[in-house]
Amino acid sequence: MENSLKKKIEEMKDWLIEIRRTIHMHPELGFEEVETSKLVAQWLEKFGLQVTKGVAKTGVVGLLEGKQPGKTVAIRADMDALPMDEARPVPYASKIKGKMHACGHDAHVAILLGVARFFSSMADQVKGNIKWVFQPAEEGGGGGRVMVEEGVLENPRVDAIFGSHVFPLLAVGKIGVYEREGLAATDSFTIRIIGKGGHGAFPHLCKDPVLAAGHLITQIHSIVSRNINPLESGVITLGKISGGTASNIIPDEVELVGTVRSLTPEVQEELKNRIEGAARGVAQSFGMDYRYDFQYGYPVLINDPEMSKLVARACAKGVGKENIEWIKPAMGGEDFSYYLQRIPGAFFRLGNRNEAKGTVHPYHSSLFDIDEDILPLGVEMFVRVIDEYLGLGLAD
Ligand SMILES: [Zn+2]
Ligand SMILES: [Zn+2]
């Protein structure tokens, strides 16, 4: 069985590449994945799965009910591209100006379709159910949250869910697994410092919010270093400051916008409160007013440690124990966290770094690309994870 598993997947390679390239050439942004989801639904229907379209607007769900009773496992891919131009001169480069698959979601879709193709031909050997979740809008739109709200984890109730992301920091052939925390909560905030504008030559008649903003920037950057346990993680970045119109005008207001990253609710609340404390204190010391708005983003992504071990065990059967890496959390975000808030599961990384093929660029770079060898490898990893979870005995 073991050999035929690898062989059966390897035989799909050209087909996987074709699907990936079709999607890559026609990138669509979050909640606009109309053609991509059509392509997904067509293949799932061809494979004889039960298909639900229009979940979370453009999401697609496939269901394979096994012939024997058992648990229900789900796997998930994101489908959206990014608003940017592609710079790599490849024959399958984006045909749509201003849109590009620069995060590898095209590969995620192709890989999940490969898993569907694999299992569709052997439904009689499946104990339990397998659900395919193709979601829209991972890049900031929170498509995962909407999928969960629209009941993707019900009917039948999903017992565990697995997701993967291509990973430019890990060599092709390696699999990265988070033990628990994988990615950060991605919150954001806006502060308005409200002073009193006037002529730049008469500061004593004004309240200068630009100066107050300068103080506030340094205060905010001392929050993590002086309030958070050095063994915990937190990031605050002020990404945008706006205020003023000319050299000789003191503006009425300055606005500061930032992002806040954390791996625990304690650090998250501490940072949220400390930022407001700094704004309040600085505004008060200058006799000014302020407004503070904190927006919660994607929650922290937390793997179930048992499911992480299951992924490591299952994938090791394909790539060898030496190619499983337990990786540290990073402060990026991922809306797969919404599924993991509800049910156990694990998110893992598919190494994509290949110097010879030039797949070394970071996510969201105009030069980002994948090594297409990871398409069959990704299918194999998901097949093995499902096999291990449902206890099918395919890889034994
Ligand atoms: Zn991305
Ligand atoms: Zn991504």
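Atoms within each ligand, like the ligands themselves, are counted from 1 in listed order.
Every salt bridge (Lys or Arg N to Asp or Glu O under 4.0 Å) that Arg192 has, sequence neighbours left out, goes to Glu253.
Under a cut-off of 6.0 angstrom, the local environment of NZ in Lys357 is crowded, with over 12 non-hydrogen atoms contributed by other residues, nucleotides or ligands.
Side-chain contact check for Glu181 and Asn303: no donor-acceptor pair (N or O, by modelled atom type) lies under 3.5 Å. For the 3.5 Å distance criterion, the side chains of Ser94 and Glu86 fail to qualify, holding no donor opposite an acceptor.
Between Tyr296 and Phe189, the distance separating the two ring centers is not shorter than 6.0 angstrom.
Counting only protein atoms, the N, O or S atoms lying less than 2.8 Å from the Zn ion (ligand 2) are Cys103 SG, His105 NE2, His165 NE2, ordered by chain and residue number.
Using a 4.0 Å cut-off between a side-chain N of Lys or Arg and a carboxylate O of Asp or Glu, Lys174 and Glu322 do not qualify as a salt bridge.
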